[in-house]
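Presented below is the structure to which this report refers.
Bear in mind the structure is a predicted one, so any value in this text is a computation, not a measurement. Just so you know, ligand 1 is whichever comes first in the structure, and atom 1 is the first atom listed for that ligand. Positions are given from 1, in the same order as the sequence printed here.
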Amino acid sequence: MKGIFLNRIKLMFVFGTRPEAIKLSPLILQAHARNNKFETVAIATAQHRAMMDDVLSAFGIKPDADMNIMTPGQTLFMLTSRILSGMEKIMEQFQPDVVVVQGDTATAYTASLAGYYARKKVAHVEAGLRTGNKWAPFPEEIYRKMISSIADYHFAPTETSRQNLLKENYPDSAIHVTGNTVIDALLWMEERLRGAPCPLEDFAPVLERYKRLVLITGHRRENFGEPFLRICTALREMAMKNPDVCFAYPVHLNPNVQKPVHAILEGIGNFFLLPPLSYPDFVWMMRKSCLIISDSGGVQEEAPALSKPVLVTRRISERPEAIEAGVIKLVGDDTEKIIYESQRLLDDPAYYKSMARGISPYGDGRASERILDILSGSLKVS
Ligand code: UD1
Ligand code: UDP
């Protein structure tokens with residue numbers, strides 16, 4: 001079969017964490033489907049182990065190489081140096097035409113640097129997000145800026161992110177507004193879940209006992225320590241004030257998250273601490289929920305498309321579009337504010353309706369298609 005595909009473009013997709021796997025999966029699947037144009041290599045750094053594996057099995061993707069670098073409690077120093085040194089052999093072995101990275105993680109940054117060292121073209125998916133504050137999100141803001149300075153293709157999800165790149169003098173011709181591939185992933189998964197009952201066997205009977213579900217996630221490094229304690233205190237108060245509401249928190253595996261969450265939130269009758277959910281299960285839970293409280297980047301993008309209000313437990317966000325549209329709201333780590341805003345959304349139907357409007361500022365489900373059209377149109381491989 002291989003012999004009939006002459007002059008294909010070899011795309012190397014590098015991912016390591018849960019969100020990168022979710023956001024690159026639709027692109028990898030589409031590149032596979034266009035195998036007359038593209039040869040696809042999928043490299044897993046496995047910066048996350050279980051959380052990345054869950055996503056790959058949901059999308060049916062098998063990496064061509066797995067660097068297996070995760071260690072419990074890894075530091076940023078360990079992470080970046082281990083990925084970068086591992087990438088040398090990967091570049092030599094696979095010789096890509098383009099290295100495709102997504103977002104703002106240690107994997108994305110080091111893989112883009114590896115692509116540069118190997119003198120390959122680098123494509124950045126989800127380019128141009130900025131807060132302007134190098135400490136928030138930490139270290140993602142700086143990773144994003146460094147990836148931009150390396151990338152040959154900037155695939156910006158929105159016009160705002162395009163403008164951010166223009167302000168930093170990146171050439172207009174290299175910036176393409178495509179939407180965010182997370183919406184491709186979400187719509188793909190929603191289609192498969194249509195009408196499905198609760199996939200969480202043990203949790204299904206629990207859910208039936210409650211009228212409403214509040215879904216929670218949290219993992220940002222800048223919230224570790226005191227901010228996390230303030231957020232968890234607000235969540236505990238909310239659960240105690242609203243015994244008829246189910247609060248479910250699939251807890252991120254980072255030990256800096258596990259410890260405070262279990263210490264403050266265990267043992268409350270209507271508060272359920274769950275392991276991280278597979279992507280299909282989490283999408284099902286988002287659809288079932290009435291309110292999401294989260295500091296996640298991906299959740300801020302997905303929830304508006306599902307008409308779910310999000311209270312964002314961050315002081316600043318690089319995703320201003322949904323805030324400006326009034327469908328998500330920043331509440332920071334202020335205990336009183338989190339309680340006030342959540343209670344208002346639970347008690348005031350008109351206010352709730354104003355935030356649950358079903359608009360999708362981050363895409364229409366066709367971002368992967370646009371990205372591959374641009375790559376196939378602009379690259380000639382001899
Ligand atoms: C990472 C990214 C962050 C992204 C987040 C998504 C960096 C520096 N951080 O943060 O940008 O928003 O992923 O979730 O790139 N762990 C497990 N099993 C797993 C995953 C994690 O046990 O499957 C534990 C390990 O102890 C690991 C720790 O979590 O050492 C931290 O993982 P790491 O990827 O370094 O940081 P995150 O906080 O997950
Ligand atoms: N997600 C998931 N299971 C969970 C929690 C989140 O599959 O238990 C998905 C969520 O739908 C989103 C992505 O993981 O697509 C967000 O990942 P995370 O919050 O870890 O990282 P961030 O987006 O903040 O970088």
Side-chain angles (χ1 to χ4, degrees), residues 15-26 44-59 68-80 82-83 101-111 126 129 136-144 147 180-186 188-190 193 199-200 215-224 228 248-259 273-287 289 292 294-303 305-306 308 310 312-314 317-319 362:
F15 49 83
T17 63
R18 170 170 67 191
E20 289 168 284
I22 291 170
K23 290 170 169 181
L24 283 180
S25 285
T45 63
Q47 174 180 333
H48 284 172
R49 186 68 275 173
M51 285 162 61
M52 181 200 72
D53 290 344
D54 272 356
V55 177
L56 297 185
S57 75
F59 285 92
N68 197 27
I69 62 107
M70 196 200 91
T71 52
Q74 61 209 0
T75 65
L76 296 177
F77 295 95
M78 289 158 73
L79 250 181
T80 41
R82 292 186 68 213
I83 301 170
V101 301
Q102 195 287 328
D104 54 17
T105 66
T107 289
Y109 163 56
T110 45
E126 197 183 279
L129 278 67
F138 171 80
E140 291 87 356
E141 175 79 358
I142 290 297
Y143 284 163
R144 282 191 194 116
I147 298 170
N180 196 311
T181 54
V182 78
I183 305 298
D184 305 15
L186 178 69
W188 190 88
M189 198 49 79
E190 261 210 299
L193 287 173
L200 301 162
L215 184 61
I216 298 141
T217 79
H219 69 84
R220 298 242 79 87
R221 269 181 165 72
E222 63 274 18
N223 279 342
F224 289 173
F228 237 102
Y249 189 159
V251 189
H252 193 288
L253 293 176
N254 193 320
N256 294 304
V257 178
Q258 290 273 335
K259 275 187 219 133
L273 298 177
L274 308 173
L277 300 178
S278 71
Y279 190 54
D281 294 0
F282 190 75
V283 172
W284 191 94
M285 290 283 275
M286 280 198 288
R287 282 168 41 145
S289 69
I292 302 176
S294 176
D295 64 16
S296 161
V299 172
Q300 285 176 70
E301 293 156 345
E302 294 164 331
L306 299 172
K308 305 298 175 180
V310 187
V312 182
T313 46
R314 296 169 66 165
S317 173
E318 64 282 38
R319 292 171 174 86
Y362 300 103

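Looking at every heavy atom in both residues, V182 comes nearest to Y279 through O-OH, 4.2 Å. Among all heavy-atom pairs drawn from P26 and D184, the shortest one is CB-CB, 3.8 Å.
The distance criterion of under 3.5 Å between nitrogen or oxygen atoms is met by R18 with respect to ligand 2. Of the polar atoms of T107, none of the N or O atoms is found under 3.5 Å from an N or O of ligand 1, judged by distance alone. Considering backbone and side-chain atoms alike, A106 places an N or O below 3.5 Å from some N or O of ligand 1. At under 3.5 Å, a nitrogen or oxygen of A50, whether backbone or side chain, sits near a nitrogen or oxygen of ligand 1.
Using a 4.0 Å cut-off between heavy atoms, P276 makes no contact with ligand 1 at all. Looking at P19 against ligand 1, only its side chain comes within 4.0 Å, counting heavy atoms. Contacts with ligand 1 closer than 4.0 Å are made by side-chain heavy atoms of L76 only, the backbone lying farther away. Both the backbone and the side chain of T105 come within 4.0 Å of ligand 1, judged by heavy-atom distances. Within the 4.0 Å heavy-atom criterion, the part of R220 lying near ligand 2 is the side chain and not the backbone. The proximity of I22 to ligand 2, defined as any non-hydrogen pair under 4.0 Å, is limited to the side chain. The side chain of P250, and not its backbone, has at least one atom closer than 4.0 Å to an atom of ligand 2 (non-hydrogen atoms only; side chain from C-beta on). Contacts between F282 and ligand 2, counted as non-hydrogen atom pairs separated by less than 4.0 Å, involve the side chain only.
Between E126 and Q102, the side chains place a donor N or O and an acceptor N or O closer than 3.5 Å (distance only, hydrogens not considered).
The CG atom of L79 sits 8.0 Å away from atom OG1 of T45, with the distance rounded to the nearest 0.5 Å. The CD atom of E222 sits 10.5 Å away from the CD atom of E141 when rounded to the nearest 0.5 Å. Note that the OG1 atom of T217 and the NE2 atom of H252 stand 9.0 Å from one another [nearest 0.5 Å]. Distance check: D53 CG to H48 NE2 gives 11.5 Å after rounding to the nearest 0.5 Å. To the nearest 0.5 Å, atom CD of residue Q47 and atom OG1 of residue T17 are 5.5 Å apart. Between atom CG of residue L200 and atom OG of residue S278 there is a gap of 7.5 Å, rounded to the nearest 0.5 Å.
Taking the side chain as every heavy atom from C-beta outward, M189 and E302 never approach each other to under 4.5 Å. Residues V312 and R319 have side chains not in contact (no heavy-atom distance under 4.5 Å, counting atoms from C-beta outward). With a 4.5 Å cut-off on side-chain heavy atoms, P139 and L76 count as touching. Residues L24 and T181 are not in side-chain contact: their nearest non-hydrogen atoms beyond the backbone lie 4.5 Å or more apart. With a 4.5 Å cut-off on side-chain heavy atoms, R49 and N68 count as touching. Counting heavy atoms from C-beta on, the side chains of P250 and M285 never come closer than 4.5 Å. Counting heavy atoms from C-beta on, the side chains of L215 and F282 come closer than 4.5 Å.
Classification of D104 and R144 as a salt-bridged pair holds, one side-chain N sitting under 4.0 Å from a carboxylate O. Using a cutoff of 4.0 Å between basic side-chain nitrogens and carboxylate oxygens, R221 and E140 are not scored as salt-bridged.
Residue, atom and distance of the protein heavy atom nearest to atom 25 (O) of ligand 2 are P19 CG, 3.5 Å. Ranking protein heavy atoms by distance to atom 23 (O) of ligand 2, first place goes to G298 N, 2.8 Å. Among all non-hydrogen protein atoms, the one lying nearest atom 4 (C) of ligand 1 is H219 CE1, 3.8 Å. Of all protein heavy atoms, the one lying nearest to atom 33 (P) of ligand 1 is Q74 NE2, 3.4 Å. Scanning the protein heavy atoms around atom 18 (P) of ligand 2, the nearest turns out to be H219 NE2, 3.6 Å. Closest to atom 12 (C) of ligand 2, if we only count protein heavy atoms, is E302 OE1, 3.4 Å. Of the protein's non-hydrogen atoms, the one nearest atom 14 (O) of ligand 1 is H252 NE2, 3.0 Å. Here the protein heavy atom with the shortest distance to atom 7 (C) of ligand 1 is Q47 NE2, 3.3 Å.
Listed by number with element, the atoms of ligand 1 under 4.0 angstrom from any heavy atom of R49 are 19 (C), 23 (O). Interface atoms of ligand 1 facing R220, defined by a heavy-atom separation under 4.0 Å, are 12 (O). The atoms of ligand 1 that sit less than 4.0 Å from any heavy atom of R221 are 8 (C), 9 (N), 10 (O), 35 (O), 36 (O), 37 (P), 38 (O). Which parts of ligand 2 touch P276 is read off a 4.0 Å heavy-atom cut-off, strictly below it: atoms 8 (O). Taking a cut-off of under 4.0 Å to the non-hydrogen atoms of S296, the atoms of ligand 2 that pass are 16 (C), 18 (P), 19 (O), 22 (P), 23 (O), 24 (O). Each of the following atoms of ligand 1 lies closer than 4.0 Å to a heavy atom of M51: 19 (C), 20 (C), 23 (O). Near L277, meaning under 4.0 Å from any of its heavy atoms, are these atoms of ligand 2: 2 (C), 3 (N), 4 (C), 7 (O), 8 (O). For ligand 1, the atoms closer than 4.0 angstrom to any heavy atom of T17 are 13 (O). With ligand atoms numbered from 1 in the order given, ligand 1 contributes 35 (O) to contacts under 4.0 Å with heavy atoms of L79. Near G73, meaning under 4.0 Å from one of its heavy atoms, ligand 1 places the atoms 25 (C), 26 (O), 27 (C), 30 (O).
Among E20, M70, E140, H48, the residue whose heavy atom sits closest to atom 11 (O) of ligand 1 is E140. The nearest non-hydrogen atom to atom 27 (C) of ligand 1, considering only N254, L253, T71, D53, comes from T71. One option in A303, G297, P275 has a heavy atom closer to atom 24 (O) of ligand 2 than any other, and that option is G297.
Between the side chain of N223 and the main chain of T313, a donor-acceptor pair closer than 3.5 Å is present.
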